[in-house]
Number of protein chains: 2
Amino acid sequence: MSVESSPRLAEIVEAARELLESEGPGGLTMRALGDRLGMRAPSLYKHVADKDELEALLIAEAFRRWGAVMHEALAGLPGRAPRKAKLASLARAYRAWAQAHPHLYRLVTGGPLPRERLPDGLEAWAAQPITRAAGSEARARAAWAFAHGMTILELDGRFPPGADLDTAWDAGISALG
Amino acid sequence: MSVESSPRLAEIVEAARELLESEGPGGLTMRALGDRLGMRAPSLYKHVADKDELEALLIAEAFRRWGAVMHEALAGLPGRAPRKAKLASLARAYRAWAQAHPHLYRLVTGGPLPRERLPDGLEAWAAQPITRAAGSEARARAAWAFAHGMTILELDGRFPPGADLDTAWDAGISALG
DNA sequence: GTCTATAGTGGGATAGAC
DNA sequence: GTCTATCCCACTATAGAC
C-alpha cells in the first residue's frame, strides 16, 4: 500500500505527522490517531497493516520535507560559492528546520531506520546537499556529525543554560569548511 | 535515599545497570529488576520511591563511569601535549566506551537530564576533560557535538554500511584540533 | 524488607456485524 | 470501510499480611 494509491491513506499519514509534531512520539497512538480522524482505532487497520508500517510512511514523508529544505538551502547559492558559505547556509537551514520540527527531526535522524520499507534512494537524496557541499565523503560525514550533534544536544537541553551556541556553530563551520 | 547510605540500594542500582546494558531501556522494568535480584517488584519500592528515582541513580552512576574514562584518557598524556593529540586521545576513549556500553552511553548523552536529582557538579566534572583539551568553550562544544554526532549516528546505524568512519573521525579531529 | 494480591492505566491488535 | 466488543499484553504502583 502506498500513499499515492490511496487518498485516505495520505490523510492518515498527514494526521499522524500533525499528531507527532504536536504531541511527540508518546502521543502517536492508534487511538489518538483515530480520534483526530474521526474514526475508531481498529478502522485504521483497514488502511495499514500495523503501526510499524504507518511509522515507515511517516519517516518517508519526513525525509521528503527535510530533504526539500536542504536542497533549497543549496540551490539559493551560486554553484561557485566557497565551500564554507555552502556549509554555513546548509547549517542554518538544518538547525532552523530541526527547531521548527523537533519530533520530525528526531524521527528522521534518531534511532534505527527501517530502510527496507523506505523508497529507494530517498535517504541518499535527502543527504545529497551535504555531500555536495563538503567536498569529500569523510568531510561530509564529519560535517553531518557535527551538525547533528549540535542540533540534538541543543534540542535535548544538554548544553549549559545560556551557552553561546551561535559561536559554537561558527567554530565548527569554520573548522570543517 | 542515597547509594552510600544503603548497601542494598547499591545492589539494586548495580543490577539495574546490568539489566540496562544487556537488555536496553525497554528491558529495564521493575519486574525484570526484581527477578534479577530474587525479589518481587513491589519490594523494590521499599528502597526507591519510584522508577524515576531509580533512573536518576542510574544516570549518576553512568556519569561516574564515563567521566572516569574521559579523565583517564587525558591523564595518560603529558600536560604539554599538542591539542590535537589530546583531542585524539579523548575521541578514541569516547568512541570505545560508547561502543562497549551503548545503552549507558545513550542514557548519559541522550534525552533530557534530571539535573535536579543529580549530585552537584557531576555533569561538569565528566565534561571537564573535553573543556580542558579544546582550548575554548566554543571549541569544546563543537568538539563534543562532533564526537557525539559521530558516535550516535554510528550506534544507530545511520552511516551507509561499510562507510569508512575512521577517516571521518580523523577528518573531524584534524579540523577541530 | 519481603511477600501476595490487586488496582489502574494504556497500549496494539483481532473478530465479526453492518 | 467503518463500527462495537473484546482480548491480550506489559507496565507502575499501592495495600496489607507476615
Side-chain angles (χ1 to χ4, degrees), chain A residues 1-61 103 106-107 110-112 114 116-117, chain B residues 1-61 103 106-107 110-112 114 116-117:
Chain A
M1 193 72 81
S2 82
V3 173
E4 290 77 25
S5 65
S6 160
R8 192 68 173 129
L9 181 57
E11 286 174 26
I12 290 172
V13 174
E14 167 66 10
R17 184 185 64 77
E18 290 168 10
L19 195 51
L20 175 70
E21 288 208 52
S22 60
E23 307 296 324
L28 181 56
T29 70
M30 298 304 270
R31 291 186 220 273
L33 181 56
D35 282 352
R36 175 171 283 251
L37 287 157
M39 72 169 65
R40 303 291 153 200
S43 305
L44 293 166
Y45 291 88
K46 295 289 181 181
H47 301 275
V48 125
D50 53 25
K51 201 185 176 184
D52 280 354
E53 185 182 316
L54 175 65
E55 285 178 348
L57 292 168
L58 201 45
I59 290 173
E61 177 60 19
H103 298 300
R106 278 183 232 267
L107 184 71
E116 68 291 348
R117 309 185 85 153
Chain B
M1 192 73 82
S2 82
V3 173
E4 291 75 26
S5 66
S6 162
R8 194 68 174 127
L9 180 58
E11 287 175 25
I12 290 171
V13 173
E14 167 67 9
R17 186 185 62 78
E18 291 168 11
L19 195 53
L20 175 69
E21 287 208 52
S22 61
E23 307 296 324
L28 180 57
T29 70
M30 298 304 268
R31 290 183 219 270
L33 181 56
D35 282 353
R36 175 172 284 250
L37 287 157
M39 72 170 65
R40 303 290 152 199
S43 304
L44 293 166
Y45 290 88
K46 295 289 181 182
H47 301 274
V48 122
D50 53 25
K51 201 186 177 185
D52 281 354
E53 184 182 318
L54 176 65
E55 285 178 350
L57 291 168
L58 201 45
I59 290 174
E61 177 61 20
H103 297 301
R106 279 184 232 264
L107 185 69
E116 68 291 348
R117 310 186 84 151

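- Rounded to whole Å, the distance from CG on B:Leu9 to P on C:dG1 is 10 Å.
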Review point. After noting the C-alpha distance and the side-chain angles of B:Arg117 and B:Ile59, does the key distance pass the side-chain contact (heavy atoms from CB on, under 4.5 Å) rule?
Key: CA-CA 10 Å; B:Arg117 310 186 84 151; B:Ile59 290 174; over 6 Å; no
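- Applying the side chain to side chain donor-acceptor pair (under 3.5 Å) rule to pairs touching residues 32-41 of chain B yields B:Glu18-B:Arg36, sequence neighbours excluded.
- A donor-acceptor pair is defined here as one N or O able to donate and one able to accept, closer than 3.5 Å; no such pair exists between the side chain of B:Asp52 and the backbone of B:Glu55.
- Going from atom CG of B:Leu44 over to atom CG of B:Asp50 covers 12.0 Å, rounded to the nearest 0.5 Å.
- Taken from CG in B:Leu20 to CD in B:Glu61, the straight-line distance is 12.0 Å, to the nearest 0.5 Å.
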Readout for nucleotides 3-14 of chain C: B = base within 4.0 Å of protein heavy atom, S = sugar-phosphate only, - = neither; 5' to 3' it is BBB-----BBBB
